[in-house]
Amino acid sequence: MTVAPTDSVFVESAASVVQSVDWPAILPPTITAVVALAVLVIDLFVGEHRKALLGWISLAGLAAAAVSMLPIAGSHHRDTFCVVGTGGTVCSYTVDEFTLAIQLLVLGGALLAGLLSLSTLKDARAAKRELPEGEFWFLLLSSVAGAVLLPASRDLATLVVALEVASLPAFALVGLKRGDKRSSEAALKFFLSSVAATAVTLLGVSFVYAATGTLYLTELDEKLGQVDGELETLVQAGVVLTLVGFAFKVAAVPFHFWVPDAYVGAPLPVAAYLSVVGKAVGFTGLILVTVVGFRSYDDVWGPAIAALAALTMTAGNVAALRQQATRAYSAVRLLAWSSVAQAGYLLVPIASAGFDNGRGEDDPTDAVGATVAYALMYAVVNLGAFAVAALVGRTKRKNRVSDYRGLYAKSPLSALTLAFFLLCLAGLPPGIIGLFAKVTVFSAAVDAGLGWLAVIMAVNVVIALYYYLQWTALLFRAPEGEPGRHRVPAPLTAAIAATAALGIALSGAPQIVLRFTDVSPF
């Protein structure tokens, strides 16, 4: 049978869009999504007295997703969903050391947040408060699926979709406490501001696509440098608008206003999840669009992110400093504002990637790796602090900072672990890992010639010492009244013990985290 020329052209064209699929590489997000759907279905057939089963199934699914990373952990670079582009083969999904590091952070953070959730849901069930467990676990797993997909995304379409899959369930999680006005208000504020940020991001992406004709990050870097002069303004506007959208996701000032209310209104495990996994998602997306896709426009995004870093760390620390110990939910609010300040530190290495380091080199690998290393440290200690806050919140519903007075007399181990976590966040011994992580970020700024940003960071670290040490000292003061002892649920104990063990291990061997300073999405 003779193939007509037109048929041959059609076959070649069709072959160029057929995408290969590397199934082992996509197992982590796939397993998480499948388990989310399974939990949703199982919830229909499980009685109220057996709802706790859903939580254990969810944790098993997250553990399975983490284990599925082992076969590909030794691979330096694996691509899938690839097509033939104008400059060669381009791929939408890439697994490398950067991808695996972020996926490890996301799944580990989700597992610890899940352990906290088991106790919170059990307490809500015992108190007959409305907190639907089936919906909770489905939404949490759905968000994790998007968060695990995002670091492997290498085109803007997949990146935005993954970002929204991670974000949309989070709105519902924040507002899941039925009948709670604070929760509903926080969810609405979170939703409206996030939708506006997404619209801005999509507008920026559309501008970039209109000027370059591609969505693949590896092609963008080349094509942005070849844009015609009349499209220069359009591209610059697209780059800025895209950055604005991601600035909201990482809670950078002035797009941070949703953070305190969302953390207070959400169930505490959800606040812990947002502070770590939500932040990791935003920073990963920001790294991919800047140092991979928009590398040619580092003169635009470099100074912009540097300014955002300075504003964010300063505003977060000043607001945390102003928290009143006797105000309702002041402990959660302080952690929320501390989270904003930490976002400022995380932005410093990304800003540094947009500047030449003064030695004629322009390799952003070390700067990106500093962000990954700091994010891993922050995830461990911040989840630990939220775990102790969840413990105190079981008996002190208002969760004030003043409620932690004399915690050492009531629960010595909990007080010691919280003190350790706070010292890690402050960057003081024995929290050696916090000190090393801050030095790594500081060095990235100095090496990039951003001396003024390094000075601002140093001042902010000193400011943060006050409220971290003030809270730490309160733990060891004489308690008011007779100290009472309360039984700690096993999942909550496991979460506190796991984060404490990891924090101590990393402080004893900081090179475990610092090895990720060589990780980058290239």
Side-chain angles (χ1 to χ4, degrees), residues 13-22 25-26 29 77-96 98-99 102 145-168 195 197-228 230-249 281-298 300-301 350 353 364 368 520-522:
S13 177
S16 68
V17 297
V18 174
Q19 300 183 342
S20 60
V21 180
D22 184 349
I26 66 172
H77 199 92
R78 293 178 72 151
D79 296 319
T80 187
F81 296 110
C82 302
V83 297
V84 179
T86 55
T89 302
V90 288
C91 301
S92 296
Y93 191 102
T94 296
V95 176
D96 51 22
F98 174 81
T99 302
I102 301 300
V148 173
L149 171 63
L150 190 138
S153 304
R154 291 299 185 273
D155 70 70
L156 289 175
T158 307
L159 193 65
V160 171
V161 169
L163 188 65
E164 291 312 301
V165 171
S167 301
L168 288 173
V195 167
T198 300
V200 172
T201 302
L202 289 173
L203 184 61
V205 169
S206 66
F207 284 176
V208 172
Y209 178 70
T212 62
T214 184
L215 292 174
Y216 290 96
L217 297 177
T218 52
E219 286 190 334
L220 277 176
D221 185 28
E222 178 183 351
K223 292 193 174 184
L224 282 175
Q226 303 172 355
V227 170
D228 294 336
E230 61 268 21
L231 297 176
E232 187 78 18
T233 303
L234 182 68
V235 171
Q236 290 181 351
V239 170
V240 171
L241 290 174
T242 305
L243 291 180
V244 167
F246 282 99
F248 168 86
K249 301 297 182 182
V281 166
F283 277 101
T284 302
L286 189 61
I287 288 170
L288 289 173
V289 297
T290 52
V291 302
V292 180
F294 297 162
R295 186 67 186 153
S296 302
Y297 278 75
D298 54 8
V300 175
W301 57 261
I350 302 177
V368 170
S520 66
F522 300 106

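Nothing fancy with the numbering, it's 1 onward along the sequence.
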* For Ala210 against Leu234, the heavy-atom pair lying closest together -> CB-CD2, 4.3 Å
* Check: Thr99 side chain, Pro151 main-chain N or O, donor-acceptor pair, under 3.5 Å -> yes
* Within the side chain of Ser167, is there an N or O that forms a donor-acceptor pair under 3.5 Å with the backbone of Glu164? -> no
* Side chain to side chain, Phe81 and Ile26, heavy atoms closer than 4.5 Å -> yes
* Structure fact -> On a heavy-atom basis, the closest approach of Gly245 and Thr201 is CA-OG1, 2.9 Å
* Please check if the side chain of Thr158 supplies one atom and the backbone of Arg154 the other of a donor-acceptor pair under 3.5 Å. => no
* Leu224 side, atom CG; Arg295 side, atom CZ - distance, nearest 0.5 Å -> 12.5 Å
* Does Trp301 reach the side chain of Val291, with side-chain heavy atoms less than 4.5 Å apart? -> yes
* About how many Å separate CG of Leu241 and CG of Leu203, when rounded to the nearest 0.5 Å? -> 5.0 Å
* To do: Please answer whether the main-chain N or O of Leu156 pairs with a side-chain N or O of Tyr209 as donor and acceptor at a distance below 3.5 Å.
  => no
* **Minimal non-hydrogen separation, Tyr216 against Cys91, with atom names** => CD2-O, 3.6 Å
* Side chains of Ile350 and Leu286: does their closest heavy-atom pair fall under 4.5 Å? -> yes
* Hey, which of Leu217, Val300, Val239 is the one that makes side-chain contact (heavy atoms from CB on, under 4.5 Å) with Phe294? -> Val239
* To do: Drop me the distance from Phe98's CZ to Ile287's CD1, to the nearest 0.5 angstrom.
  => 4.5 Å
* Calculate, to the nearest 0.5 Å, the distance between atoms CG and CG belonging to Leu215 and Leu159 respectively. => 10.5 Å
* So do Lys249 and Thr198 actually touch side chain to side chain, heavy atoms under 4.5 Å? -> yes
* Structure fact -> Taken to the nearest 0.5 Å, the spacing of Ser153 OG from Tyr93 OH works out to 8.0 Å
* Non-hydrogen side-chain atoms of Phe246 and Leu163 separated by less than 4.5 Å -> yes
* To do: Kindly indicate, with the supporting measurements, whether the criterion side chain to side chain contact (heavy atoms under 4.5 Å, CB included) is fulfilled by Val235 and Lys223.
  => CA-CA 11 Å; Val235 171; Lys223 292 193 174 184; over 6 Å; no
